[in-house]
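Inspection log for the structure reproduced underneath, given as structure tokens.
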Amino acid sequence: MGWWGYGIYDGDDTQTRQYDFLKWAKCSSAKEDEWNYSPIELCSNKNLLKKNIKLIYKKLPKSINHEDKALEWQMLLALFLDLKVKPPKTLLNKGVEGAKYLMGRDADLFDEPSKRKTVLRNFIKKAEKAYKKL
């Protein structure tokens, strides 16, 4: 996985993974060329995303013991936050666990690990705040 910045969407297959989540949950508006649209524009039914979350869970890793697995959960949580949909508690927990995993050895590989860790800490705070608020 390549990174060009410190943000949660600054790596390969980060936000683009959200297109898969929308398809798996059967809530993509299925535009012909989805790459011209953001996941927010493609989600035609936010309630369906939450209702069909188990269809996504089936395809996600059960444990978070690698960068790619951690990113999957973090990106799913980020999708819910971007869509302003309250994530299920399981998703909140796994997404936060993923972000915490990424604050470890993976963040240390960045030129400025403290910048990456700050972004991840802020993401966790945002997720926890949104969970209480939404």
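The residues of the chain are indexed from 1 along the displayed sequence.
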Test ring pair (Phe, Tyr, Trp, His ring centres under 6.0 Å) applied to Phe80 - qualifying residues, sequence neighbours left out: none
Value rounded to 0.5 Å, distance of NZ in Lys59 from CZ in Phe21: 11.5 Å
Note, Glu112 side chain near Tyr6 side chain (heavy atom, < 4.5 Å): yes
Side chain to side chain donor-acceptor pair (under 3.5 Å) pairs, two or more places apart, involving residues 76-86: Tyr9-Asp82
Spatial distance of atom CG (Leu76) from atom CD (Gln18) [nearest 0.5 Å]: 8.0 Å
Sub-4.5 Å side-chain heavy-atom contact between Arg116 and Leu120: yes
Sequence neighbours excluded and cut-off under 3.5 Å, please list the side-chain donor-acceptor pairs for residues 125-132, or say none.
none

Hphob cluster co-occupancy, Leu48 + Trp24, side-chain heavy atoms under 4.5 angstrom: no
Side chain to side chain, Phe123 and Leu77, heavy atoms closer than 4.5 Å: yes
Partner set under ring pair (Phe, Tyr, Trp, His ring centres under 6.0 Å) for Tyr101, not counting sequence neighbours: none
Common cluster, Leu60/Leu55, ILVMFWY with side-chain heavy-atom separation under 4.5 Å: no
Nearest-0.5 Å distance, CG of residue Leu81 to CE of residue Met75: 10.0 Å
Thr90 vs Ile53 side-chain heavy atoms within contact, under 4.5 Å: no
Close side-chain approach of Leu71 and Leu102, heavy atoms under 4.5 Å: yes
Closest non-hydrogen atom pair between Gly5 and Phe110, with its separation: O-CE2, 3.3 Å
Lys117 with Asp108: basic N within carboxylate O range, under 4.0 Å: yes
Approximate separation, where rounding is to 0.5 Å, of Gln74 CD and Leu79 CG: 12.5 Å
Please tabulate, one pair per line, all N/O donor-acceptor pairs under 3.5 Å involving side-chain atoms of residues 92-99, not counting sequence neighbours.
unit_1: Asn93; atom_1: ND2; unit_2: Lys89; atom_2: O; d: 3.4
unit_1: Lys94; atom_1: NZ; unit_2: Lys62; atom_2: O; d: 2.5

Any residue meeting side chain to side chain contact (heavy atoms under 4.5 Å, CB included) with Asn65, in chain and number order, not counting sequence neighbours: Ser63, Lys69
Asp20 and Arg17 ion-paired at < 4.0 Å: yes
